[in-house]
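One structure is given below, encoded as C-alpha cells.
Basis for what follows: all heavy atoms, side chains included, without hydrogens, waters or symmetry-related copies. What you see is a predicted model, and the numbers here were worked out from it, not measured in a lab.
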Amino acid sequence: MWRLKIGEGGSPLLRTGNGFVGREVWEFDTDAGTPEERAEVERLRREFTVNRFRTKESRDLLLRMQYAKSVRHPADFSTVIKLEDDEEVTEETILTSLRRALNQYSALQAHDGHWPGDYSGILFIMPLLLGCENGLHIVFGQIFSLHVTGTLDLILSSEHRREICRYIYNHQNEDGGWGTQVLGQSTMFGSSLNYVALRLLGEVRGHDDALAKGRGWILSHGSATAAPQWPKIWLSVIGVYDWSGNKAIIPELWMVPHFVPIHPARFWCFVRMIYMSMAYLYGKKFVGPITPTILEIREELYNRPYSEIDWSKARDSCAKEDHRYPRSPVQHIMWAFLNKFVEPTMNYWPFNKIRATSLCNIMKHIYYEDENTKYIGLCPINKALNMICCWIENPNSDTFMKHLPRIYDYLWLAEDGMKAKVYDGCQTWETALTVQAICSTSLIDYFSLTLDKAYGFLKNSQVLQDLPRNKSFYRHRSRGSWTLSTADNGYALLLMSKISPSLTRDPIKEERLFDAVDCLLSFANKDGTFTSYEPTRTASWIELIGVKVDYKKKLDEPLILNPSESFHNIVVDYPHVECTSSAMQGLITFRELYPKYRTEEIKNCIKNAAMFIENQQKSDGSWYGTWGVCFTYGAFFAIRGLGAAGRTYENSQSIRNGCRFLLSKQHSAGGWGENYLSSETEAYIHSENPHAVNTAWAMLALTFAGQTERDPTPLYRAAKQLIKMQQEAGEFPQQEHVGCFNSSLYFNYPNYRNLFPIWALGEFRRRILAIKDRNVHALR
C-alpha cells in the first residue's frame with residue numbers, strides 16, 4: 001500500500017539546505033495497510049474510473065485516508081449543518097461551520113507544518129519525465145550489455161508504472177485523445193506524448209482498445225507531424241521525429257553579449273531555463289538508440305511511412321487544436337533564415353567551433369542550475385531536460401546520478417493514479433495563505449498548535465543566502481525570500497504574513513525580516529510593479545522592435561521572440577495585479593512593525609503599486625487574474641491591496657467599480673462560478689454551478705471593500721452558499737481546477753478548496769462581531 005512520506009531524504013545522492021523540510025514523496029510498502037484499507041483504495045479507484053468523463057478532477061482521497069486517523073472530532077465541532085432554503089445564516093451558524101472546517105483541515109497538516117496535496121492537472125509533464133527516463137533506460141541497456149533495466153527499473157517500480165498507466169488511461173478523453181491538461185479538449189500535444197509514454201511503459205496496442213483509439217485520434221488529426229513545438233523536440237530526442245522537422249533553437253544565442261536585447265538572460269526564467277536545455281539538445285541533435293519499440297512507434301504515429309515524411313514541411317505544421325497563437329510574418333521570415341542559413345552554417349568549420357563553445361557554455365549554466373536547486377530544477381520540464389543533458393555529457397557522472405532521486409519530488413498519487421506535479425509543490429505559498437485564513441477566524445486559541453507548526457514551517461523555509469556568483473548566471477538575489485514550494489528549490493518569491501510573536505514560541509528574528517524586505521524591494525520594477533520571479537528584464541528590447549506593451553491586455557507580446565504555438569506570454573515576465581498586490585501588502589505589514597526602515601523607498605513603492613492596480617482595472621470594473629481563474633481571483637487581490645494602501649469604497653472609484661462588477665456576477669443562490677475559459681478569452685465567462693473558491697474570492701473582495709458595513713445581504717447569501725456546499729467531514733468540495741498559468745494551462749491548487757472558504761467565512765464573521773461590538777459600545 002502506498003504511503004506519503006514528508007521531509008525525508010533516503011539517498012546519499014540527495015542534497016538539502018534545511019533537512020528536506022516540505023519534501024513530499026509517495027512510497028509503496030507491500031506490508032502496509034489492512035485488507036479493509038486496501039479494499040477501500042480499490043473501491044475509490046474504480047469509482048473514479050467509472051465517473052471519469054463526468055468528474056475529471058480527483059479529490060486526493062488516498063492522502064485523506066492516510067491522515068484520517070489523526071482527525072479530532074470534539075463534541076462541539078462535529079455538528080453537521082443542514083440549511084433549508086428559507087433558513088437564515090447567523091453568526092453562530094458560521095462559527096459552527098468554521099470549527100468543523102478547521103478541525104478537519106488541521107488534521108491534514110503534515111508534521112513539519114505545511115499542507116501536502118495534489119498540485120497537478122497538466123497532462124504532458126508525466127510523459128516528459130517518462131520520456132527522459134525511458135530514453136535513458138534504453139541507453140543504459142545498450143551500455144550494460146543490452147540489459148534493458150537502466151533507470152526505469154531503478155526509479156520506477158512495477159507499482160509506479162501501474163499507477164502511471166492508470167492515470168494516463170483515466171484522463172483519456174471519450175474521443176480517444178488526450179488534452180494538454182485535465183480540463184479541455186484533446187490536443188496533439190497531449191495525445192502524442194501520452195500515447196508514446198504508454199508504449200514506452202510496455203503497453204501494447206490491440207484492435208479496439210484505448211491505445212488504438214489514441215492512435216486513431218492522432219492519425220485523424222494530422223499525425224504527429226502536426227504536433228506543436230515542444231512535443232516535436234521531445235519526440236526527436238527519443239528518435240520518433242526527425243530533428244530537421246524542428247525550428248532552429250540555436251545555442252549560439254547564449255553567446256551574444258548580455259546587453260543585446262535578445263540575450264536569453266532577459267527572458268522570463270521559465271522560458272529561459274527550458275529553452276536553454278532545448279538549445280543544447282538541438283545543437284547536439286541528440287537521438288536515443290533506435291530500438292524495436294522505437295521503430296514500431298515511428299510507424300504508429302504517422303499516416304505514411306517514416307522514411308517518406310517531408311520533414312521541412314512538417315516543421316511548419318501544427319494541428320488546429322494546438323495552434324492557439326499563430327506566428328507572425330516576421331517570425332516566419334526569422335525562422336526561415338535560421339533554418340536555411342544560420343543552422344547549416346554552424347555545422348561547418350570554422351563555425352562549428354562556435355557551436356562547440358556554445359554548448360559548453362550552456363552546460364556550465366545547466367550544472368549551476370542543477371547544483372543550486374538541489375537537482376530539483378525550476379520545474380519538472382527543465383529538470384527532465386537538464387537530466388538528459390547531464391547524461392549526454394557523462395552518463396556515469398554525479399551530476400547525472402544526483403538527478404535520479406529527485407524524480408520522486410514530482411510524483412503524486414491519488415485515486416486516479418500517479419501523476420506529475422506542476423512544480424515540486426506549492427507548500428510555502430499555501431501555508432502562508434492558510435496562516436492568514438486561520439487568523440481571520442478569531443479561533444486562534446483553538447488552533448494554536450496548528451498555527452505554531454505552520455509558522456515553524458515558514459521560518460524553516462526561508463532562503464538564508466544568496467546563490468554564489470548569481471549575477472554571472474543571471475539569477476536574481478534570493479537571500480531573505482521564500483520560494484513557492486521548498487527552500488531546496490531555490491527560486492525566490494516573497495511571502496510575508498503578519499503573525500503576533502505571542503502565537504509562536506520562536507519568532508523570526510528581525511534581521512531575517514529586514515533581509516526579506518530588502519529582497520522584496522529588489523524585485524520591484526522601476527514603476528513599483530512586481531512580476532512573478534524577477535524584475536522585468538526586457539523593456540529595452542520591446543522598445544527596440546517598436547512594440548508597445550499594453551499591460552492591461554498583454555496581447556502585444558513581441559511576436560519575434562515567442563516560439564511556441566501553444567503558450568501565451570512566455571517570453572516577458574510581466575507585472576501582475578496579484579504579484580504587485582501581494583508585495584505591496586507585505587511592505588505595508590512590515591511598515592507597521594518597522595516604520596523607520598527604508599521609509600521613503602517603501603512609501604514610493606506602495607504608492608506606485610496602488611496606482612498600477614488602479615490602472616489595470618478594465619472598463620467593466622474587473623481585474624484580470626493571471627495565476628488563478630480569473631476575474632474573481634484578480635478582484636480579490638486588487639481590492640485587498642487597494643484597501644491595505646488606504647483606499648476605501650468611499651474614496652476610491654476603482655473599489656466601487658470592482659464591487660459593482662462582482663455583485664453583477666453573483667448567482668441568485670448566493671455563490672459565484674467562473675469558467676476557466678475566462679483566462680483565455682479575457683472576458684468573464686459565467687459558470688452555471690457555484691464554485692466554492694470563486695465564491696470565497698468574491699466574498700473576500702467584497703468584505704475587504706466594506707460590504708459588511710454597507711449592506712451585508714450579498715455576503716450572508718454567499719456564506720449560506722458556502723455552508724450548504726460544506727461536506728459532512730467539514731471540508732469543501734473539490735471542483736474544477738482554478739490554478740492558471742499564462743492564460744494557457746490550468747491546474748489544481750490542492751488546499752484552495754478549504755483555505756479560501758475558511759478565510760471568507762472567518763473574515764465575514766469577524767466583521768459581523770466588530771459591528772455588534774461597536775453597536776454595544778454605542779448604546780453604553
Side-chain angles (χ1 to χ4, degrees), residues 1-10 16 18-29 32 41 44 57-71 101-121 125 160 163 167 376 380 406-435 437-438 447 449-458 460-461 482-489 495 729-732 734 737 739 747-756 758:
M1 191 167 173
W2 289 92
R3 285 285 182 263
L4 177 65
K5 296 192 173 182
I6 300 294
E8 297 185 16
T16 182
N18 66 345
F20 300 105
V21 170
R23 187 174 190 237
E24 305 166 347
V25 173
W26 284 91
E27 290 187 0
F28 186 80
D29 183 349
V41 169
L44 295 175
E57 301 86 2
S58 60
R59 293 181 287 163
D60 229 354
L61 295 177
L62 302 191
L63 168 73
R64 280 155 174 77
M65 271 190 66
Q66 179 173 327
Y67 279 63
K69 295 177 181 179
S70 63
V71 178
L102 280 169
N103 183 65
Q104 177 69 16
Y105 189 43
S106 295
L108 298 174
Q109 186 181 29
H111 63 81
D112 66 1
H114 86 282
W115 279 263
D118 180 359
Y119 191 39
S120 71
I125 296 176
H160 281 94
E163 292 306 317
Y167 179 73
I376 297 171
R406 284 297 190 179
I407 287 286
Y408 300 120
D409 293 55
Y410 285 107
L411 303 182
W412 188 264
L413 186 74
E415 65 271 20
D416 58 341
M418 180 162 277
K419 60 199 79 175
K421 293 189 287 187
V422 178
Y423 212 72
D424 64 313
C426 52
Q427 297 91 320
T428 306
W429 171 245
E430 287 194 329
T431 300
L433 291 171
T434 296
V435 167
I438 296 175
F447 298 97
L449 179 59
T450 300
L451 275 174
D452 192 60
K453 287 167 61 179
Y455 189 91
F457 176 81
L458 292 175
N460 293 330
S461 298
W482 282 266
T483 69
L484 177 71
S485 55
T486 62
D488 284 345
N489 173 278
L495 308 164
E731 289 195 90
F732 295 88
Q734 173 67 59
H737 295 165
F747 50 88
N748 182 51
Y749 278 98
N751 293 295
Y752 277 18
R753 60 187 274 197
N754 285 314
L755 77 87
F756 277 112
I758 288 170

Item to check | By salt bridge (Lys or Arg N to Asp or Glu O under 4.0 Å) - contacts of D118 (at least two apart) | outcome: K419
Item to check | Carboxylate-amine/guanidinium contact D60 R753, below 4.0 Å | outcome: no
Checklist outcome for this item: Minimal heavy-atom distance between L44 and E415, with the atoms involved, is O-CB, 4.0 Å
Item to check | Modelled atom types, side-chain donor and acceptor of T434 and Y105, under 3.5 Å | outcome: yes
Item to check | Under the ring-ring contact (aromatic ring centres under 6.0 Å, His included) test, residues paired with F756 that sit two or more places apart | outcome: F636, W697, Y752, W759
Checklist entry - Do H114 and E430 come within less than 4.5 Å of each other through their side chains, counting heavy atoms only? => result no
Item to check | Residue of the set W2, W26, F28, Y167 for which ring pair (Phe, Tyr, Trp, His ring centres under 6.0 Å) holds with H160 | outcome: W2
Checklist outcome for this item: Looking only at heavy atoms, the pair that brings A487 and S461 closest together is CB-O, 3.6 Å
Item to check | Reported CG-to-CG distance for the pair L4 and L413, which is rounded to 0.5 angstrom | outcome: 9.5 Å
Checklist entry - Would one find more than 12 heavy atoms of other residues, nucleotides or ligands at under 6.0 Å from atom NZ of K5? => result no
Checklist entry - In Å and rounded to the nearest 0.5 Å, what is the OG to CG distance from S106 to L449? => result 8.5 Å
Next on the checklist: As a quick check of understanding, evaluate side-chain contact (heavy atoms from CB on, under 4.5 Å) for T428 and T486, giving each step before the final call.
Outcome noted: CA-CA 7 Å; T428 306; T486 62; 5.9 Å; no
Item to check | Test applied, ring pair (Phe, Tyr, Trp, His ring centres under 6.0 Å); reference residue, Y749; option that passes from Y119, Y423, W115 | outcome: Y119
Item to check | salt bridge (Lys or Arg N to Asp or Glu O under 4.0 Å) pairs, two or more places apart, involving residues 101-116 | outcome: none
Checklist entry - Taking the side chain as C-beta and beyond, is there a heavy-atom pair between E24 and I6 under 4.5 Å? => result yes
Checklist outcome for this item: For A420 and I125, the nearest pair of non-hydrogen atoms, with its separation, is CB-CG2, 3.4 Å
Item to check | salt bridge (Lys or Arg N to Asp or Glu O under 4.0 Å) partners of E163, counting only residues at least two apart | outcome: R45, R166
Next on the checklist: I want to check something: taking the side chain as every heavy atom from C-beta on, are L484 and N489 in contact at a cut-off of under 4.5 Å?
Outcome noted: no
Next on the checklist: Run S120 and W412 through side-chain contact (heavy atoms from CB on, under 4.5 Å) and show every step you take.
Outcome noted: CA-CA 8 Å; S120 71; W412 188 264; 5.7 Å; no
Item to check | Side-chain donor/acceptor of R23 to backbone N/O of G9, under 3.5 Å | outcome: yes
Item to check | Q109 side chain to K453 backbone, donor-acceptor under 3.5 Å | outcome: no
Checklist outcome for this item: Value for CZ (R59) from CG (D416), rounded to nearest 0.5 Å, stands at 11.0 Å
Item to check | Side-chain touch P116/Y67, heavy atoms, less than 4.5 angstrom | outcome: yes
Item to check | Pairwise side-chain contact, Y455 with V435, heavy-atom cut-off 4.5 Å (strictly under) | outcome: no
Checklist entry - So, for G22 and Q427, which heavy atoms are closest and what is the spacing to 0.1 Å? => result O-NE2, 2.8 Å
Checklist outcome for this item: Residue set satisfying side-chain hydrogen bond (donor to acceptor under 3.5 Å, both in side chains) with E8, at least two apart, ordered chain then number -> none
Checklist outcome for this item: All heavy atoms of P380 vs all of Y410, minimum pair found to be CD-CE2, 3.4 Å
Checklist outcome for this item: Rounded to the nearest 0.5 angstrom, the CD1-CG distance for I376 and D409 is 5.0 Å
Item to check | Pairing residues for E731 by the side-chain hydrogen bond (donor to acceptor under 3.5 Å, both in side chains) criterion, not counting sequence neighbours | outcome: R64, N754
Checklist entry - For the residue pair A101 and I758, what are the closest heavy atoms and their distance? => result CB-CG1, 3.8 Å
